[in-house]
Amino acid sequence: MRADRWYAVEEEPPAAKKPRQWRDKFREAVRGVKCGARGQSSFSVHFFCAVVALTAAAVLECDHWEWCLIIGCIGLVTTAELINSSIELLFQGLEQEVRDRVSPCLETAAGAVLVATLTALAVGGVIFGRKLLLVFHVIV
């Protein structure tokens with residue numbers, strides 16, 4: 001064999017991609033939130049519960065750390081729901097035989113939303129339960 005066959009042919013390196021601007025990244029992220037929320041009935045339920053929780057926090061005059069927990073729980077549930085929505089969108093584009101194999105993935109994502117929601121419910125129960133007991137003078 002000739003020696004030149006053992007050496008790789010030098011090719012030009014691929015052209016570097018132009019970095020995306022931050023405003024484009026944020027625009028795409030906002031579109032992603034809209035896409036994830038659109039058409040999902042559970043998003044409207046979570047949004048309603050978030051508004052109720054924020055209103056209750058304002059009315060019951062929650063401390064700053066309680067506000068942080070409430071907002072963190074809202075973010076946790078919303079993030080889990082967005083991830084679940086993205087997996088559902090991917091799932092819809094699959095052929096039926098592939099769907100049958102990966103359906104546990106979809107169920108696991110729905111389970112993640114359930115766990116996040118139950119966690120938020122427990123945190124809200126502790127915070128708002130204590131506040132309501134203070135309002136009704138059950139505890140001092």
Side-chain angles (χ1 to χ4, degrees):
M1 268 190 138
R2 293 184 358 197
D4 61 345
R5 289 191 181 204
W6 291 99
Y7 297 104
V9 177
E10 290 195 30
E11 298 177 10
E12 292 183 29
K17 287 185 176 181
K18 181 181 173 186
R20 292 184 305 163
Q21 294 182 353
W22 280 100
R23 70 171 182 245
D24 295 334
K25 292 178 183 183
F26 283 116
R27 188 179 307 124
E28 291 170 4
V30 169
R31 270 197 316 248
V33 171
K34 288 179 184 176
C35 180
R38 197 176 299 140
Q40 298 289 331
S41 61
S42 55
F43 245 101
S44 58
V45 172
H46 292 305
F47 181 76
F48 174 76
C49 291
V51 170
V52 168
L54 292 172
T55 303
V59 169
L60 295 173
E61 299 174 353
C62 287
D63 295 330
H64 68 281
W65 63 271
E66 293 169 326
W67 274 98
C68 291
L69 286 172
I70 293 165
I71 292 168
C73 285
I74 291 170
L76 173 72
V77 172
T78 304
T79 301
E81 188 62 52
L82 283 171
I83 292 169
N84 184 47
S85 295
S86 67
I87 292 173
E88 286 178 359
L89 286 171
L90 281 172
F91 191 77
Q92 291 171 0
L94 299 176
E95 296 174 0
Q96 187 59 43
E97 70 178 47
V98 178
R99 283 185 183 191
D100 295 337
R101 287 194 320 251
V102 298
S103 63
C105 178
L106 190 61
E107 294 166 359
T108 303
V113 175
L114 177 64
V115 169
T117 303
L118 292 175
T119 301
L121 185 64
V123 170
V126 170
I127 292 172
F128 296 129
R130 181 179 172 278
K131 288 287 186 181
L132 288 173
L133 290 174
L134 286 170
V135 166
F136 293 116
H137 306 291
V138 176
I139 61 172
V140 180

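Atoms considered below: every heavy atom in the structure, side chains included; atoms not considered: hydrogens, waters and symmetry mates. Only a predicted model underlies this, so the values are computations on that prediction, with no experimental measurement involved.
For the atom pair Leu133 CG and Phe128 CZ, the distance stands at 13.5 Å (nearest 0.5 Å). Atoms CZ and CZ, on Arg38 and Arg31 in that order, are 10.5 Å from each other to the nearest 0.5 Å. For the atom pair CZ (Arg20) and CZ (Arg27), the distance works out to 11.0 Å, reported to the nearest 0.5 Å. Between the NZ atom of Lys131 and the CG atom of Asp63 there is a distance of 4.5 Å, given to the nearest 0.5 Å. Between the CD1 atom in Ile127 and the SG atom in Cys62 there is a gap of 6.5 Å [rounded to 0.5 Å]. Distance CG/Leu76 to OG1/Thr119: 6.5 Å, rounded to 0.5 Å.
Nearest heavy-atom pair across Ala112 and Ala80 is O-CB, 4.2 Å. Residues Thr117 and His46 share a closest heavy-atom pair of OG1-CE1, 3.5 Å. Among all heavy-atom pairs drawn from Ser85 and Gly36, the shortest one is OG-O, 3.3 Å.
Grouped with Val33 in one hydrophobic cluster are Phe43, Leu82, the linkage being side-chain heavy-atom contacts under 4.5 Å among Ile, Leu, Val, Met, Phe, Trp and Tyr residues.
Identified under the side-chain hydrogen bond (donor to acceptor under 3.5 Å, both in side chains) test for residues 97-110, with sequence neighbours left out: Gln96-Asp100.
One hydrophobic cluster holds both Leu60 and Trp67 under the rule that ILVMFWY side chains link at heavy-atom gaps under 4.5 Å. Linking ILVMFWY side-chain heavy atoms closer than 4.5 Å, directly or via other members, places Leu89 and Val30 in two distinct hydrophobic clusters. By the criterion of side-chain heavy atoms lying less than 4.5 angstrom apart, applied directly or through intervening Ile, Leu, Val, Met, Phe, Trp or Tyr residues, Val59 is not grouped with Ile70; the two fall into different hydrophobic clusters.
Using a 4.5 Å cut-off on side-chain heavy atoms (C-beta onward), Val126 and Leu69 make no contact. Between Asn84 and Ser42, the closest side-chain pair of non-hydrogen atoms is not below 4.5 Å. In this structure the side chain of Leu134 reaches within 4.5 angstrom of the side chain of Ile139, judged on heavy atoms.
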### Task
Under the side chain to side chain contact (heavy atoms under 4.5 Å, CB included) rule, what do Leu94 and Phe91 come out as? Steps first, then yes or no, please.
CA-CA 6 Å; Leu94 299 176; Phe91 191 77; 4.3 Å; yes
### Task
Apply the test side chain to side chain contact (heavy atoms under 4.5 Å, CB included) to residues Leu54 and Ile74: give CA-CA distance (whole Å), side-chain angles for both, the deciding distance (0.1 Å), then the verdict.
CA-CA 9 Å; Leu54 292 172; Ile74 291 170; 3.9 Å; yes
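Atom CD of Glu61 has 12 or fewer heavy atoms from other residues, nucleotides or ligands within 6.0 Å.
Partners of Ile83 under the side-chain contact (heavy atoms from CB on, under 4.5 Å) rule, at least two apart in sequence or in another chain, are Thr79, Ile87.
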